[in-house]
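Working notes, beginning with the structure itself.
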Amino acid sequence: MYNIFQRLSSITSFAMSTLMVLAVLISLTTPFIPSSPTHSVTLHSVQNAKGRVVDQFDRTARKSEFARLTFDLDADLSSMFNWNTKLLFAYITADFESADYSTNRVVVWDRIIRNTRQAKLRLRKHHNKYTLRNMKQTFEGVEGANLTLHINPVPYLGIMYDKEVVSIPFSIPRPVVKDSAKEKAKTKRGKKV
Ligand SMILES: *[C@@H]1O[C@H](CO)[C@@H](O)[C@H](O)[C@H]1NC(C)=O
């Protein structure tokens, strides 16, 4: 009748189908595991200055307006960790509308959170990690902007999704007239004397 290999084969295929069904169930249900994260973002100031940006990701170093944000971030995301959470990717974007493009999104800060200990965030008077500037090198005509904290839970198994958790409106002022290159030269000269 049935030999050992036929039995093994049917057991393996049954195990495989069961695993498949489990994998599908896990990936479908993980986003619905309840969590109660807390978060708040406070923006202290927005400064706009014109100059050459020292940007490690852009070596063209064109003269441009760049905005410097000062913000506080308080968050406790530890409840978002469950057995199917590999890590959380938290990031803050600045979104604004300009004459040329209806949507501009600049990531100004991000962090990879690998465990519940790192999930308690408390940043004070923090500045943007990445340069905030417009495609057109100027923020002229940019009416308003939103600063939004996003959290992207990365599961071991299943789909990734983006959660916008808090958004605050702000506006970017016109730049303070200042040539940072000249000023640097001045202070250097001043020190030498
Ligand atoms: C900022 O957010 C508000 C509320 O969600 C929205 O109505 C507005 O269009 C947003 N502004 C920009 C520039 O994205």
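Read the numbers this way: they start at 1 and go in the same order the structure lists the ligands and their atoms.
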Exercise. Which protein heavy atom lies closest to atom 12 (C) of ligand 1, and at what distance to 0.1 Å?
Worked result: N146 ND2, 3.4 Å

Exercise. Less than 4.0 Å between atom 4 (C) of ligand 1 and some protein heavy atom, yes or no?
Worked result: no

Exercise. Which atoms from ligand 1 have a heavy atom of G144 less than 4.0 Å away?
Worked result: 13 (C)

Exercise. Within a distance of under 4.0 Å, is there any protein heavy atom near atom 7 (O) of ligand 1?
Worked result: no

For this session: Given side chain to side chain contact (heavy atoms under 4.5 Å, CB included), test L69 with H127 step by step and report yes or no.
Result: CA-CA 5 Å; L69 311 173; H127 300 298; over 6 Å; no

For this session: Return yes when atom CZ of R114 has more than 12 non-hydrogen atoms of other residues, nucleotides or ligands closer than 6.0 Å, and no otherwise.
Result: no

Problem set entry | Residue that, paired with E65, satisfies side-chain hydrogen bond (donor to acceptor under 3.5 Å, both in side chains) out of Q137, K136, R174 | R174

For this session: Sequence neighbours left out, what passes side-chain hydrogen bond (donor to acceptor under 3.5 Å, both in side chains) with T93? Give chain and number order.
Result: D95, H150

